[in-house]
Protein chains: 2
Amino acid sequence: MTRVSDHARDGVPPHREPVTERSVREAALTLFAERGYHGTALRDIAGELGIRTPSLYNHISSKQELLRGILRETTELVWADFEAAIADIDDVIERLRRAVVAYALRHATHRREALIVNRDVACLDEPARSEIMAVRRRHERAIRQIIAEGNAQGAFAVQTPFLASFGILEMCVSVARWFDPSGPLRAEEIALDYGEFALRLVAASHR
Amino acid sequence: MTRVSDHARDGVPPHREPVTERSVREAALTLFAERGYHGTALRDIAGELGIRTPSLYNHISSKQELLRGILRETTELVWADFEAAIADIDDVIERLRRAVVAYALRHATHRREALIVNRDVACLDEPARSEIMAVRRRHERAIRQIIAEGNAQGAFAVQTPFLASFGILEMCVSVARWFDPSGPLRAEEIALDYGEFALRLVAASHR
DNA sequence: CCTACCGATCGGTAGG
DNA sequence: CCTACCGATCGGTAGG
């Protein structure tokens with residue numbers, strides 16, 4: 001309403017970033033990450049952009065589609081990250097390290113996306129939900145496979161590879177919960193540390 | 001409505017478990033864990049119990065209070081678990097192992113509570129939210145302190161103890177996401193494995 | 001424990 | 001991009 005009265009008073013449209021599909025998603029990312037999908041009203045997203053709720057529909061077709069776009073893109077990028085990280089790497093130790101570093105780094109640099117994927121995938125309608133979960137399972141299985149290979153080569157010593165793969169991945173997800181880009185630790189350092197943690201975790205016993 | 005017509009037809013009240021504060025919380029645990037706090041309507045909880053929404057208010061005072069009770073009790077039990085696990089244990093390696101085993105075990109045996117604590121604490125009104133988060137921070141700091149002690153004694157070799165403490169705890173949380181009590185792995189085995197993972201993670205490098 | 005009902009808010013549409 | 005408005009649903013209350 002400030003904007004409306006400004007406009008009415010001096011005839012000059014108020015300065016405002018142009019609203020685009022991109023800026024709508026950006027606002028949704030922040031609010032979904034903070035309050036969750038069901039905890040965020042489209043009115044809140046519109047307010048963040050300085051427009052009214054119905055105007056959002058010039059950029060999106062529904063709230064579900066907004067969530068779907070965020071989750072689809074995020075999970076695809078995670079998988080692309082993984083493939084790029086291990087491409088042309090033969091050594092199984094280095095494959096695991098790079099896969100974990102890439103995953104941890106992504107969770108430090110894309111915190112909002114990570115929080116939404118991990119909390120709000122259950123809010124997604126079918127069939128999108130099953131599709132997203134299939135991509136995530138594929139990623140977990142790929143990590144498990146690396147661990148199994150390492151076991152077979154004698155490089156690792158893990159009794160139950162899927163316990164380790166789930167644990168390692170979830171450990172990386174934790175980064176999204178506390179990482180502060182303006183804090184003392186840099187995202188790259190943290191990612192390297194978690195890569196090291198993963199290798200320690202799968203190595204032979206400490207005794 | 002089935003119940004109403006049954007009642008009307010034969011004059012005998014239909015069999016139904018008596019609704020209590022406990023059974024309301026039990027239904028809320030299941031639904032909040034499945035759909036989240038904002039994704040669950042009081043109507044859903046009432047439906048699970050075979051009553052109407054207003055009747056819930058004979059057992060609870062509000063939806064918020066229902067969430068608050070669940071989160072308060074859960075976080076207090078986690079802390080009590082931790083204190084019991086390390087009581088009278090001096091060896092720093094054993095302290096860490098027992099603390100992690102207890103935490104992982106709780107997440108396997110109280111999956112719904114764990115999911116709700118980790119997802120819906122943000123739905124809690126102040127001041128309860130800050131109180132809950134203070135208990136969780138206390139727990140994380142206590143784990144971090146054990147790691148720091150292990151470092152000082154030369155038993156552990158962790159560059160950044162809080163990276164390790166967060167990672168270890170979140171690794172245990174993952175158990176709540178996938179553990180299936182009717183599956184092949186028993187909760188106690190999983191907990192012991194995660195205890196072992198934690199010790200490997202804080203031990204000296206694998207090289 | 002119920003029915004009846006409250007104001008508030010939700011996602012979304014009509015029409016300009 | 002807006003105003004006006006829709007039916008549905010929300011948590012919760014009144015009164016019995």
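Sequence lines set the chain letters: A, B, ... in the order given, protein chains first and strands last, and positions in each chain run from 1.
- Taking both residues in full, the closest heavy atoms of B/P161 and B/N151 are given as CG-ND2, 3.8 Å, listed atom of the first, atom of the second, then distance.
- Each of A/R137, A/R144, A/R136 was checked for a salt bridge (charged side-chain N to carboxylate O under 4.0 Å, His left out) with A/E140, and the lone residue meeting it is A/R144.
- In this structure, CG of A/L49 is placed 15 Å from C1' of D/dC2, rounded to the nearest angstrom.
- For B/R52, the side-chain atoms get nearest to C/dC2 when compared with the rest of C/dC2, C/dC1, D/dC1.
- Under the 30°/60° scheme for interplanar angles, the aromatic rings of A/F32 and A/Y37 are found to stand perpendicular.
- No donor-acceptor distance shorter than 3.5 angstrom exists from the side chain of B/Q64 to the backbone of B/R68, with no hydrogens or angles considered.
- Taking a 6.0 Å sphere around CZ of A/R177, one finds it holds more than 12 heavy atoms contributed by other residues, nucleotides or ligands.
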With B for base contact, S for sugar-phosphate-only contact and - for none (protein heavy atoms under 4.0 Å), nucleotides 11-16 of chain C reads SBB---

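- Across all strands shown, D/dG7 forms a Watson-Crick or G-U wobble pair, both distances under 3.5 Å, with C/dC10.
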